[in-house]
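Because only heavy atoms are used, hydrogens play no part in the values below, and waters and symmetry mates are left out as well, while side chains stay in. Keep in mind the model is a prediction, meaning the values are calculated, not measured.
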There are 2 protein chains.
Amino acid sequence: MMAGESDRTEKMTAALRKAGIRVTRQRIALLGVLAEADDHPDAVELHDRAKRIEPTVSLATVYRTLSVLEESGVVHRHSFKGGGARFETSHEEHHDHILDVDTGEVIEFQSDKIERLQDEIARELGYEVVHHRLELYCRKKR
Amino acid sequence: MMAGESDRTEKMTAALRKAGIRVTRQRIALLGVLAEADDHPDAVELHDRAKRIEPTVSLATVYRTLSVLEESGVVHRHSFKGGGARFETSHEEHHDHILDVDTGEVIEFQSDKIERLQDEIARELGYEVVHHRLELYCRKKR
DNA sequence: ATGCTTATGAGAACCATTCACAACTGTAAA
DNA sequence: TTTACAGTTGTGAATGGTTCTCATAAGCAT
């Protein structure tokens, strides 16, 4: 037999099946792409990358699968200003984003203080935070 | 002669002209609508309201004018989750938004602490904040 | 009032995303 | 391993919000 498939693929396969989601070639390809992406690609970019692994993937399936993965908490969808949604795997801990307005670069950051303040503010107004969106559109200091 | 036009209209007219923007019936209508809106209407809603004042306003003009007004800092455009952009006049002081995920209601809040924290975080990473987006998607506490 | 320039309405065009549907394919059971 | 069924897929059309095109209309400085 030829060299076995990677551990990663096996793990993803198992994870999918456990979630009751059918394991298809297209989904394996997309999950592979997401797993090694360390940027914040949009659906078209993910489609391009996935096609290199599994040429039959259609854009519609990319969108469909991303929605499925979002619902099951595997990926996060971000809608930054300008252009379409961008995605990232959610296995890291929660963070917010700085967007470099000049370069388009995305930087992640995390602040417990801000998280706490948000909860506090909501609480004072009689609400509890379900989720939030915090984006800092910034310019490099010189 | 008939009773003169309202002060408000005269003021808006003057403000527009000063900005080098031509004063048209459509723009007067839209500005009037924006001035008395205390909610966060979208373009279609603004169009409907403006038509009651000036029936000839087209949706395209509403969008065009909103862009003009946004560029000149008169209105702010918000893109909350789900649905199109929503607008509000910017003559009040800066604030962020709580979105009630059940009712869709928009509540405004302001926190100097959070503003300061944001600046601090950006500064530590070598950036300065140009503008930001902070939305708390909340549910009423019971 | 005149002329130049900007604004407008109508509808087409756009773009990201979703949908409809017939063909296909995992998966579990036989 | 074959079968059978429900979940998935690719294609292309549809959608919804927003912008564009272009011929016509109308501000505004003179």
Geometric class of the B:Tyr137/A:His131 ring pair [parallel <30°, tilted 30-60°, perpendicular >60°]: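 Ring orientation, 0 to 90° scale: parallel.
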
Validation row, ring centre A:His94 to ring centre A:His132 under 6.0 Å: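 Yes, the ring centres sit under 6.0 Å apart.
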
Nucleotide-level pairing of DNA chain C, given in dot-bracket where Watson-Crick and G-U pairs need both distances under 3.5 Å and | marks other strands: ||||||||||||||||||||||||||||||

Whole-Å distance separating the CD1 atom of B:Ile28 from the P atom of C:dA7: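 It is 14 Å, rounded to the nearest whole Å.
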
Whole-Å gap separating P (C:dA28) and CD1 (A:Ile21):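 It is 14 Å, rounded to the nearest whole Å.
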
Holding to side chain to side chain contact (heavy atoms under 4.5 Å, CB included), I want the full list of residues that pass it with [X], two or more places apart in sequence or in another chain.
{"X": "A:Val23", "value": "A:Thr13, A:Leu16, A:Arg17, A:Ile28"}
{"X": "B:Glu105", "value": "A:Tyr127, B:Asp100, B:Thr103, B:Ile107, B:Lys140"}
{"X": "B:Thr89", "value": "B:Leu34, B:His91, B:Glu92"}
{"X": "A:Thr61", "value": "A:Gln26, A:Val57, A:Ser58, A:Arg64, A:Thr65"}

Tell me whether the OP1 or OP2 atom of [N] has a side-chain N or O from [X] closer than 4.0 Å.
{"X": "B:Arg25", "N": "C:dA7", "result": "no"}
{"X": "A:Gln26", "N": "C:dT25", "result": "no"}
{"X": "A:Thr24", "N": "D:dT9", "result": "yes"}
{"X": "B:Ser58", "N": "C:dA10", "result": "no"}
{"X": "A:Thr56", "N": "D:dG10", "result": "yes"}
{"X": "A:Arg22", "N": "D:dA6", "result": "no"}

Produce the list of close N/O pairs, under 3.5 Å, pairing protein atoms with atoms of nucleotides 16-20 of chain D; give distances to one decimal.
residue	atom	partner	partner atom	Å
D:dT18	OP1	B:Ala85	N	2.7
D:dT18	OP2	B:Tyr63	OH	2.4
D:dT18	O5'	B:Tyr63	OH	3.4

Any donor-acceptor N/O pair, B:Arg77 side chain to B:Ala85 backbone, under 3.5 Å: no

Residues A:Glu135, B:Arg133: salt bridge by 4.0 Å N-O rule: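 Looking at B:Arg133 together with A:Glu135, the answer is yes, because their closest N to O distance falls below 4.0 Å.
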
Single-linkage hydrophobic cluster B:Leu125~A:Val106, side-chain heavy atoms < 4.5 angstrom: no

Nucleotide nearest A:Val57 when distance is taken to its side chain, options D:dA26, D:dG10, D:dT9: D:dG10

